[in-house]
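Okay, structure first, notes after.
Labels below follow one simple rule: chain letters A, B, ... track the order of the sequence lines, proteins then strands, and each chain is numbered from 1.
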Amino acid sequence: MNDQCPECGSQNLLHDYDRAEVVCSECGLVVRETLLDLGPEWRAFDSEQRDKRERTGAPMTYMIHDKGLSTDIDWRNRDIHGRDLNPGKRAQIYRMRKWQRRIRVSDAMSRNLAFALTELNRLSSHMQLPKNIREAAAVLYRRAIEEGLVRGRSIEGVTAGCLYASCRKCKVPRTLDEIAEYARVEKKEIGRSYRYIMRELGIRLPPTNPLDYIPRFASELGVSPEVQRRAVEILKQAMEVGLTSGKGPMGAAAAALYISSIEHDQRKTQREVSEIAKVTEVTVRNRYKDFQEKLGLEVDV
DNA sequence: AAGACGAAAGTGGTTGA
DNA sequence: TCAACAACTTTCGTCTT
């Protein structure tokens, strides 16, 4: 493999054969998307045929961290004849052992990363998240692991946390609940990992903006573009007056959509709206009451 | 009968001593 | 570490369409 990452020059590329991608393990960039299958391209019907056709050994596997090519250096300071080594040799061997240890450590890291990337892919394709989010999450995870933040907590939890963060950063927020639905970790753990990582990496994301939820909720509700537009308008007003600060963004988005749908004679029930926004009817109700009162909106029947 | 309403008690997470 | 706290949920009985 003579490839290196065009982004950061690293030669440490990970091959994901299931997705036919090559991903840089340094920065998470997807380097190549069409990957060749290194397995045999022929079919053998008996062992004689196999021997003739086989030009290579067994396909290299990426399930084993070092592709089965690692070497061990014995800890005894003896040569192959069992004799003691002279001091010069000993020092050399000592240095070699040191490097091997270091390589092993970074190997454990890339194994961890490989697993995390697989999980990340599984999660985000389940949730139909765009590629840029996947990559952002991968980069984040990479940083987390470099800082040693993953140790002691589950890889799944941390990947889910990174994904949550990336969604927010890319302005297509998913709720913790939504991620928890597909992740093999519960919401609490995801939130914990998320907060921990963001704190340790010194990343500060602005609170989720209710506006970011509107497009998705609107399309899931199946309301017209006008309804969506009006909902945005209502929300903006509400935000100016400070009706949304400190409140759950989803509740606010839901309420705006609810009001807007009524105004446009496309009435959705509180139940429908609340289900999509993953809040209760009561919350929709409270928010919408607030909006109605404080913004002087005439909304009845 | 379904939807909307509101009171009251419960929940999980943050904050500040 | 604990208690206070705000936002949100759950539950449930009542009113409205």
For residues 233-254 of chain A, please give each side-chain donor-acceptor pair under 3.5 Å, one per line with the distance, not counting sequence neighbours.
unit_1: A:E233; atom_1: OE1; unit_2: A:R229; atom_2: NH1; d: 3.3
unit_1: A:E233; atom_1: OE2; unit_2: A:R230; atom_2: NH1; d: 2.9

What are the atom names and distances for every N/O pair under 3.5 Å that joins the protein to nucleotides 11-13 of chain B?
none

Subject >> side chain to side chain donor-acceptor pair (under 3.5 Å) involving A:Q92 - partner list, sequence neighbours excluded >> reply: none
**OP:** Please check if A:L113 and A:L201 belong to a single hydrophobic cluster, counting links between Ile, Leu, Val, Met, Phe, Trp and Tyr side chain heavy atoms closer than 4.5 Å.
**Re:** yes
Nucleotide [N], atom [atom2] - distance to [atom1] of [X] in whole Å:
{"X": "A:Y194", "N": "B:dT14", "atom1": "OH", "atom2": "P", "answer": "11 Å"}
{"X": "A:E281", "N": "C:dC12", "atom1": "CD", "atom2": "P", "answer": "14 Å"}
{"X": "A:L176", "N": "B:dT14", "atom1": "CG", "atom2": "P", "answer": "10 Å"}
{"X": "A:Q270", "N": "B:dA4", "atom1": "CD", "atom2": "P", "answer": "5 Å"}
{"X": "A:E293", "N": "B:dC5", "atom1": "CD", "atom2": "C1'", "answer": "14 Å"}
{"X": "A:E272", "N": "B:dG3", "atom1": "CD", "atom2": "P", "answer": "8 Å"}
{"X": "A:R287", "N": "B:dA4", "atom1": "CZ", "atom2": "C1'", "answer": "17 Å"}

Original post:
Between A:Y288 and B:dC5, is there a side-chain N or O to OP1/OP2 distance below 4.0 Å?
Top reply: yes
Original post:
Can you check whether A:R267 has a side-chain N or O nearer than 4.0 Å to OP1 or OP2 of B:dA4?
Top reply: yes
Subject >> Partner residues of A:Y141 under the ring-ring contact (aromatic ring centres under 6.0 Å, His included) criterion, sequence neighbours left out >> reply: none
Below 3.5 Å is the cut-off: list the nitrogen or oxygen pairs between protein and nucleotides 6-10 of chain B, distance only.
unit_1: B:dG6; atom_1: N7; unit_2: A:R285; atom_2: NH2; d: 2.9
unit_1: B:dG6; atom_1: O6; unit_2: A:R285; atom_2: NH2; d: 3.1

Under 4.0 Å between a side-chain nitrogen and a carboxylate oxygen: does that hold for [X] and [Y]?
{"X": "A:E119", "Y": "A:R184", "result": "yes"}
{"X": "A:K289", "Y": "A:E293", "result": "no"}
{"X": "A:E135", "Y": "A:K131", "result": "no"}

Subject >> Sugar-phosphate only, base, or nothing, as touched by A:G191 at under 4.0 Å among non-hydrogen atoms >> reply: nothing
Original post:
What is the nucleic acid contact for A:T280, judged by heavy atoms within less than 4.0 Å: base, sugar-phosphate only, or nothing?
Top reply: base
Subject >> Donor + acceptor pair across side chains of A:R174, A:Y182 (<3.5 Å) >> reply: no
**OP:** Taking the side chain as every heavy atom from C-beta outward, state whether A:R168 and A:M198 have any atom pair closer than 4.5 Å.
**Re:** no
Original post:
Heavy atoms, side chains only, cut-off 4.5 Å: are A:L221 and A:V227 in contact?
Top reply: no
Subject >> Stems where DNA chain C pairs, listed by first number, each of three or more Watson-Crick or G-U pairs under 3.5 Å >> reply: B:1-11 with C:7-17, B:13-17 with C:1-5
Original post:
Where the side chain of A:T159 meets the backbone of A:I155, is there a donor-acceptor pair that is under 3.5 Å apart?
Top reply: yes
